[in-house]
Amino acid sequence: YLHGICAMRMRLGARIPGISGRIVGGGDAPRGRWPWQVSIQYNGHHFCGGSLISAQWVVTAAHCFQYSYPQFIYRVILGEYQLFNPSPSRVASSVRQIIIHPNYSSQSADVALVQLTEPVRFTDEIRPICWLGSSDSSPDNDMCWVTGWGTTDSNVSLPSPKTLQEVQVQLIDFKACNTLYNIDPDPQIGRDPVKPNMICAGYAEGKKDSCQGDSGGPLACDHNGTWFLTGVVSWGDGCGKPNRPGVYIRTEAYGEWMWGHMQQHCLSLERT
Ligand SMILES: *[C@@H]1O[C@H](CO)[C@@H](O)[C@H](O)[C@H]1NC(C)=O
Ligand SMILES: *[C@@H]1O[C@H](CO)[C@@H](O)[C@H](O)[C@H]1NC(C)=O
Ligand SMILES: *[C@@H]1O[C@H](CO)[C@@H](O)[C@H](O)[C@H]1NC(C)=O
């Protein structure tokens with residue numbers, strides 16, 4: 001059974017135009033399809049994605065903050081579509097605090113919470129995604145979506161006007177993912193690099209993947225007709241390479257930690 005936490009329930013098809021189909025191997029997302037996607041910026045430069053999970057909280061990857069700059073240098077951009085062509089729905093928020101998971105170390109517990117200085121007002125382009133506190137059910141189907149403004153291949157930046165990219169990827173559990181990563185293992189990565197609190201998404205043949213600059217962004221899956229944040233973009237060996245699917249933090253493993261920090265500040269969360 002699914003134990004989800006929602007600030008606002010976003011039903012599939014409610015506002016989301018019919019699902020068709022970067023990132024690597026993806027395409028332009030229709031405007032407004034992924035209203036929880038945020039861009040985390042420093043000096044006007046996008047460096048990581050993130051997901052809005054309530055009016056005042058964003059979840060992202062801990063490695064986005066590996067240099068401990070003071071939080072006032074960051075801006076969280078919500079309701080954005082093309083980074084080089086600001087949308088009327090765009091809201092830029094400063095950051096009250098950044099909470100790195102206490103067990104974060106290079107490739108483990110790569111998850112962080114960012115509290116905005118003020119709650120944002122939800123609009124068609126700015127809405128939170130539900131997440132899992134815990135669950136003993138898997139998604140209705142294992143096809144999920146990853147979105148972001150990251151590079152479209154290793155070292156190939158997204159061309160102007162930098163339209164939000166989306167790609168559909170297949171969930172791969174950590175054991176099956178290790179089987180792939182153990183094929184010609186990269187000596188720097190080693191064998192069995194994928195831990196039980198991670199999940200992979202992509203394809204054995206590669207080609208469709210997240211890449212640099214997508215880090216921290218959402219892997220969104222359909223659970224019983226509602227969008228849930230299943231993963232946070234964390235790491236990979238290159239982008240879109242065969243036998244090297246993207247590796248994501250499995251948000252379910254951190255759902256209670258997220259809930260614990262947020263419930264002190266947020267009165268309107270619904271547990272299901
Ligand atoms: C950190 O890891 C330890 C040891 O595995 C575990 O007991 C603890 O619950 C973890 N902390 C959090 C906040 O998950
Ligand atoms: C990307 O660029 C860096 C620095 O220029 C280089 O070291 C690296 O090999 C490049 N990676 C790929 C996959 O081309
Ligand atoms: C699925 O959604 C329906 C309609 O919203 C609800 O009645 C049902 O309890 C949900 N099932 C699960 C397993 O969450």
Side-chain angles (χ1 to χ4, degrees), residues 1-7 36 38 40 48-71 74 76 95-116 128-139 144 146 171-178 181-182 189-201 210 215-221 223 228-236 246-272:
Y1 193 71
L2 189 61
H3 302 281
I5 304 174
C6 300
W36 45 82
V38 307
I40 305 181
C48 269
S51 305
L52 188 69
I53 54 172
S54 78
Q56 209 172 350
W57 290 89
V58 162
V59 62
T60 183
H63 80 258
C64 293
F65 304 109
Q66 58 189 311
Y67 310 107
S68 351
Y69 297 127
Q71 76 227 22
Y74 298 114
V76 175
V95 168
R96 176 168 297 176
Q97 61 172 329
I98 297 167
I99 303 172
I100 306 283
H101 193 281
N103 288 351
Y104 168 60
S105 68
S106 69
Q107 285 184 354
S108 133
D110 185 13
V111 59
L113 286 169
V114 176
Q115 186 182 22
L116 309 178
I129 185 170
C130 299
W131 78 97
L132 297 172
S134 60
S135 162
D136 52 25
S137 64
S138 38
C144 300
V146 59
L171 293 183
I172 302 171
D173 75 32
F174 82 99
K175 287 182 185 152
C177 196
N178 277 326
Y181 268 84
N182 290 345
I189 294 177
R191 294 182 67 84
D192 295 324
V194 186
K195 306 303 174 208
N197 52 16
M198 303 174 186
I199 190 163
C200 297
S210 46
S215 282
L219 175 68
C221 305
H223 275 285
F228 276 87
L229 183 68
T230 297
V232 172
V233 179
S234 181
W235 62 277
V247 186
Y248 297 76
I249 287 307
R250 201 164 60 86
T251 34
E252 192 189 315
Y254 302 97
E256 294 299 328
W257 174 75
M258 288 156 56
W259 165 255
H261 278 286
M262 290 173 60
Q263 62 181 351
Q264 307 159 14
H265 304 268
C266 188
L267 304 172
S268 60
L269 291 175
E270 170 202 346
R271 295 203 70 146
T272 58

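Quick note: residue numbers are just sequence positions, from 1. This is a predicted model, so every value here is computed, not measured. Atoms within a ligand are numbered from 1 in the order they appear, just like the ligands themselves.
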Worksheet item: Considering only heavy atoms from C-beta outward, does the side chain of Ile53 approach that of Leu113 to under 4.5 Å?
Response: yes
Item to complete: I would like to know whether Tyr104 and Trp257 meet ring pair (Phe, Tyr, Trp, His ring centres under 6.0 Å); could you show each step before the answer?
Response: CA-CA 13 Å; Tyr104 168 60; Trp257 174 75; over 10 Å; no
Practice prompt. Could you tell me whether the side chain of Thr251 and the main chain of Thr230 form a donor-acceptor pair under 3.5 Å?
Written response: yes
Worksheet item: Is Trp36 close to Leu229 at the side-chain level, that is, under 4.5 Å between some pair of heavy atoms?
Response: no
Contacts table for ligand 1: protein N or O within a distance under 3.5 Å of ligand N or O, distances only.
residue	atom	partner	partner atom	Å
ligand 1	2 (O)	Asn103	ND2	2.2
ligand 1	11 (N)	Asn103	ND2	3.1

Fill in: Residues which pass side chain to side chain donor-acceptor pair (under 3.5 Å) with Tyr254, listed by chain and number, not counting sequence neighbours
Asn197
Item to complete: Give, for atom CZ of Phe65 and atom CD1 of Ile98, the distance between the pair rounded to the nearest 0.5 Å.
Response: 4.0 Å
